[in-house]
Amino acid sequence: MSYEHIEPPESGSKITLADEESGELDVPTDPIIPIIHGDGIGKDVGPAAQDVLTAAAEATGRDVNWMEVYAGETAREKYDENLPDETVEAIEEHRVAIKGPLTTPVGAGFRSLNVALRQTLDLYANVRPTYYLDGVPSPMKAPEEMDMVTFRENTEDVYAGIEWEAGTEEVEQVRDFVEDEMGFDDVMHDGPIGIGIKPISEKGSKRLVREAIDYAIENDRDKVTLVHKGNIMKFTEGQFGDWGMEVADEEYPDDEVFAAPDSLWEEQDEVDIPEDAVMVEERLADAMLQWMQLRTDEFDVLAMPNLNGDYLSDAAGAQIGGLGIAPGANFGFGRCLAEPVHGSAPKRAGQDKANPTALILSGRLMFEYLGWDDTGQLIRDAVEKTIDEGTVTYDLARQREDAEEVSTTEYAETVIDNIEKLS
Ligand code: NAP
């Protein structure tokens with residue numbers, strides 16, 4: 001394929017789909033991987049993280065051929081638009097990519113570039129591993145108990161929500177329909193109201209839960225918890241839980257995946273749980289927010305509709321040290337777009353100050369998606385050694401008296417030194 005502004009690397013091979021049914025990938029040892037450095041602090045953390053990821057891949061016998069693609073500010077400079085078609089096409093064609101943060105342009109009619117990318121590429125699961133690294137300041141007494149991966153549905157629920165503003169003709173039409181045709185007049189107050197609809201589908205729920213269960217199986221996790229508010233929103237959140245349990249019950253052998261019955265917690269002794277099976281259970285979202293703090297080590301993989309995932313994944317991230325270190329990725333069918341949780345932090349942009357750890361660890365998740373678990377482990381170990389030995393960026397330095405504050409570039413160089421020492 002020829003591009004207008006993208007320069008493909010001189011060498012490297014494409015990642016392709018190996019199996020149309022499962023979405024499994026055929027991954028060469030020299031893949032071409034598109035990268036968007038990002039806006040704001042993306043210009044600092046993007047190149048720094050790229051160097052660390054290159055070094056870790058090389059140290060484990062692989063060769064990443066990066067292909068820089070453009071979105072946000074760099075795209076406006078080159079193409080006079082925010083998200084050029086060839087950027088989306090390049091990511092679509094190469095299946096696995098990584099991006100730094102993009103600023104959402106302010107002004108009417110601008111969609112978030114991040115949301116546009118996720119929707120265009122149908123990246124239906126937002127995945128955030130939340131684990132503790134030694135040396136990271138945390139507000140918790142035992143932050144090391146956190147080792148969880150959240151799967152947040154990325155395309156529906158409130159992301160596909162429709163709302164009508166109080167006082168408009170449309171909201172009155174909807175009110176009339178709900179009251180007169182559907183017979184719900186007793187719950188509608190008189191006077192102005194706002195109304196919203198949140199759709200949750202069988203397809204969206206099942207593919208998200210399937211992705212979480214497959215992840216649990218492949219990564220030797222014990223449990224997948226479906227988190228919803230089905231006691232109140234029975235036909236959206238509750239249905240998410242039902243469809244999720246159906247996936248667990250019907251699509252996997254019992255000795256591989258065990259769908260926990262509702263009665264499990266009362267009759268635990270009488271239920272025969274296969275020893276090596278991944279257990280799939282349901283929990284209510286409000287209780288889950290408490291348990292995540294009080295019984296952190298009991299949870300493993302969580303799968304949730306969009307809005308619950310928004311709250312829970314941010315709360316989980318705060319427990320292990322916050323935005324500078326929180327990685328993420330968006331998974332689709334045989335697709336992965338890795339990106340940190342944080343945004344472009346304009347206040348810190350261009351100062352060679354921001355923490356590149358979140359983007360580096362997003363790269364770790366991307367490499368694990370490719371099956372490069374050894375590369376991923378090396379990255380984690382090198383980052384942890386760097387932070388634990390007291391070489392940190394400003395955000396962690398201000399919370400630690402024993403640490404030395406270094407720039408983004410110096411931090412990345414220390415991580416690369418540690419990759420060399422550990423490999
Ligand atoms: P933000 O960019 O995440 O930054 C908020 C604050 O978090 C920063 O000022 C900084 O705090 C801290 N922070 C974030 N990343 C850090 C890092 N790598 N190292 C050190 N500190 C870090 O959130 P925002 O200011 O609300 O959003 C700015 C823009 O980013 C908006 O246009 C938003 O739409 C966009 N955004 C994009 C994405 C994405 O691309 N996926 C995600 C979220 C937001 P201190 O200044 O206190 O140190």
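In listed order, ligands and their atoms are each counted from 1. Here the structure is a predicted model, which is why all the values come from computation and not from measurement.
- The proximity of H342 to ligand 1, defined as any non-hydrogen pair under 4.0 Å, involves the side chain as well as the backbone.
- Residue P356 does not touch ligand 1, judged by heavy-atom distances below 4.0 Å.
- Among protein heavy atoms, the minimum distance from atom 48 (O) of ligand 1 is reached at Y394 OH, 2.6 Å.
- Across G334 and L17, no two heavy atoms sit closer than the pair CA-CD1, 4.3 Å.
- Closest to atom 19 (N) of ligand 1, if we only count protein heavy atoms, is N355 N, 3.0 Å.
- Contacts between K353 and ligand 1 below 4.0 angstrom, taking non-hydrogen atoms only, are absent altogether.
- In summary, R62 and D30 do not engage in a salt bridge, as defined by a charged side-chain N under 4.0 Å from a carboxylate O.
- Among the atoms of T103, none of the N or O lies under 3.5 angstrom from an N or O of ligand 1.
- Nearest heavy atoms, E211 versus F331: OE2-CD1, 3.8 Å.
- Looking at ligand 1, you'll find an N or O of G343 within less than 3.5 Å of one of its N or O atoms.
- In this structure, A358 has no heavy atom closer than 4.0 Å to ligand 1.
- A side-chain contact (heavy atoms from CB on, under 4.5 Å) with F240 is found for exactly one of L208, D157, V227, namely L208.
- Taking the centre of each ring, H5 and Y79 come in below the 6.0 Å mark.
- Using 4.0 Å as the threshold, G42 has no heavy atom nearer than that to any atom of ligand 1.
- No donor-acceptor contact under 3.5 angstrom links the side chains of D373 and Q377, judged on distance only.
- Each of the following atoms of ligand 1 lies closer than 4.0 Å to a heavy atom of P101: 40 (O).
- Ligand 1 has a nitrogen or oxygen under 3.5 angstrom from a nitrogen or oxygen of L102.
- An N or O contact shorter than 3.5 Å links A345 to ligand 1 by distance.
- Minimum heavy-atom separation, K99 to P340: O-CD, 3.2 Å.
- In summary, the side chains of N65 and S11 do present a donor paired with an acceptor at a separation below 3.5 Å, with no hydrogens or angles considered.
- The proximity of V341 to ligand 1, defined as any non-hydrogen pair under 4.0 Å, is limited to the backbone.
- For L323, every heavy-atom contact with ligand 1 shorter than 4.0 Å involves the side chain, none the backbone.
- Residue contact check: K347 has heavy atoms under 4.0 Å from atoms 46 (O) of ligand 1.
- Of the candidates L359, L396, T104, I41, it is T104 that places a heavy atom closest to atom 31 (C) of ligand 1.
- Nearest protein heavy-atom neighbour of atom 47 (O) of ligand 1: R398 NH2, 3.5 Å.
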